[in-house]
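Below you'll find the structure, written out as structure tokens, and then a few comments.
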Amino acid sequence: MYKFFFRLVFKRMDPEQAHYLAFRWIRLAARIPVLRTFVAAVLAPRYKELRTEALGLRMHGPFGLAAGFDKNAVAIDGMSMLGFDHIEIGTVTGEPQPGNPRKRLFRLVADRALINRMGFNNEGSAAVAARLAARRPVFRTTVGVNIGKTKVVPEAEAAGDYVKSTERLAAHADYLVVNVSSPNTPGLRNLQATEALRPLLSAVREAADRTVAGRRVPLLVKIAPDLADEDVDAVADLAVELGLDGIIATNTTIARDGLGLKSSPSLTGETGGLSGAPLKARSLEVLARLYARVGDRITLVGVGGVENAEDAWQRILAGATLVQGYSAFIYEGPFYARAIHKGLAARLAASPYATLAEAVGAETRKATA
Ligand SMILES: Cc1cc2nc3c(=O)[nH]c(=O)nc-3n(C[C@H](O)[C@H](O)[C@H](O)COP(=O)(O)O)c2cc1C
């Protein structure tokens, strides 16, 4: 039904316009009590065996919405209604900014992929903080807040911009993510180098502790799939050293070669980050590498090309306690999150593991034993 609709309507529309149209429907549905209760009953069933404890938080299940879909925190209840068990809003920057000129989002249908160069279009940390403060949640869900650098702020002053966002947003975040991995803000990914990352993460940690009393806000870092393996290891070691709570692997890739892309070169040649199916193998590889390095000392979040329950299960076996998706939601439609949780419950039941927590990292442990 959705796929028919996708072919008929969405596929003919500009991808960004289609996004806003779908977004409006989701937000509207979430405002109508009878409708949202019905939709949530169908799309967000709870499986007892999938209850997940991560980052000191209790969640209904391990699968959530990756950053970038709800940049301004306007559709948390709507996405929760669709069965995502945590919602990561953002990326939010210190100051509001319009992002890159359109056209900046491209569908690679033949590859079940997207290329985007949105460039952190968002309303800025003050507006998003005010919205989160005023929010009266309908569904109980975990809200992660992903922060990034304002484009006009020079790289050398990046920490100040992240600290500003932290001061405004940390109190409203169940967890906070330092995004240093989007390819569409010039210089941003240089912040992944440990010499830059150490002071940045320390400053954000300090700002979160200073501004939020009585609760330690979990802090994660989100990394790119394009890091060399030694750099992945270096970030893992740094995360352990700094007592970070988690690592999200991965953001989109700037790579195009060797991914077996079938779409036309005019599309694959668009500048920006590639997400979806072609990212699957590298994201999984980075995740397994991280788990081999940090084990259970840090919570790992697997994202990148998760299309179905089997992909999510593979991330869990590789070491992810939480799993996220974005691009496949565009292709699969409203039943995406439901199908993943349902399939995960079936896989867990058929597996030798008594709990989901037991399954986390099982394959990587075997491979490295
Ligand atoms: C249109 C679009 C916008 C995105 N914006 C952000 C963002 O603002 N911050 C961020 O950390 N990741 C962003 N991402 C990356 C996703 O969160 C995710 O890491 C990536 O797309 C890989 O997952 P997927 O293959 O399931 O899409 C964006 C992805 C897409 C497709």
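All residue numbers refer to positions in the sequence shown, counting from 1. What you see below is based on every heavy atom in this structure, not just the backbone, and it leaves out hydrogens, waters and symmetry mates.
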- Using distance alone, with no hydrogens and no angle criterion, decide if T252 and S275 have a side-chain donor and acceptor under 3.5 Å apart. no
- Flag if over 12 foreign heavy atoms under 6.0 Å of NZ, K164: yes
- So which pairs with a foot in residues 65-74 pass salt bridge (Lys or Arg N to Asp or Glu O under 4.0 Å), sequence neighbours left out? none
- Checking N251, T253, T250 against S181 for side-chain hydrogen bond (donor to acceptor under 3.5 Å, both in side chains), the one that qualifies is N251
- Message: To the closest 0.5 Å, what do you measure between CG (N184) and CZ (R117)?
- Response: 8.5 Å
- Kindly give the heavy-atom pair with the smallest separation between R107 and P15, and that separation in Å. NH2-CA, 3.4 Å
- Among side-chain atoms of Y291 and D296, is any donor-acceptor pair under 3.5 angstrom? yes
- Tell me yes or no: between the side chains of D161 and T150, is some donor less than 3.5 Å from an acceptor? yes
- Would you confirm whether T364, through its side chain, and A288, through its main-chain N or O, come within 3.5 Å as a donor-acceptor pair? no
- Item | Nearest-0.5 Å distance, CG of residue L191 to NZ of residue K149 | 7.5 Å
- Message: For R102, is there an ion pair with D14 - N to carboxylate O distance below 4.0 angstrom?
- Response: no
- Item | Under 3.5 Å donor-acceptor, R131 side chain and V74 backbone | no
- To the nearest 0.5 Å, how far apart are NZ in K280 and CG in L259? 13.0 Å
- Message: Rounded to the nearest 0.5 Å, what separates atom OH in Y326 from atom CG in L279?
- Response: 14.0 Å
- Query: Does Y336 have its ring centroid less than 6.0 Å away from the ring centroid of Y331?
  - Reply: no
- Message: Rounded to the nearest 0.5 Å, what separates atom CG in L169 from atom OH in Y162?
- Response: 13.0 Å
- Output yes when R289 and D229 qualify as a salt bridge under the 4.0 Å nitrogen-oxygen rule, no when they do not. yes
- Separation between CG of L50 and OG1 of T355, rounded to the nearest 0.5 Å: 11.0 Å
- Query: Would you say R365's side chain and V360's backbone share a donor-acceptor pair under 3.5 angstrom?
  - Reply: yes
- How close do E88 and N146 get, heavy atom to heavy atom, and via which atoms? OE2-ND2, 2.9 Å
- Query: Counting N and O atoms only, with roles assigned by atom type, does the side chain of D233 sit under 3.5 Å from a partner on the main chain of R293, one being a donor and the other an acceptor?
  - Reply: no
- Can you check whether F120's main-chain N or O pairs, donor with acceptor, with N122's side chain at less than 3.5 Å? yes
- Please report the closest heavy-atom contact between A345 and E49, naming both atoms and the distance. CB-OE2, 3.6 Å
- Item | L21 and W25: CA distance, side-chain angles, deciding distance, side-chain contact (heavy atoms from CB on, under 4.5 Å) verdict | CA-CA 6 Å; L21 179 65; W25 289 344; 3.9 Å; yes
- Task: Please indicate whether R51 has more than 12 foreign heavy atoms, meaning atoms of other residues, nucleotides or ligands, lying under 6.0 Å from its CZ.
- Result: no
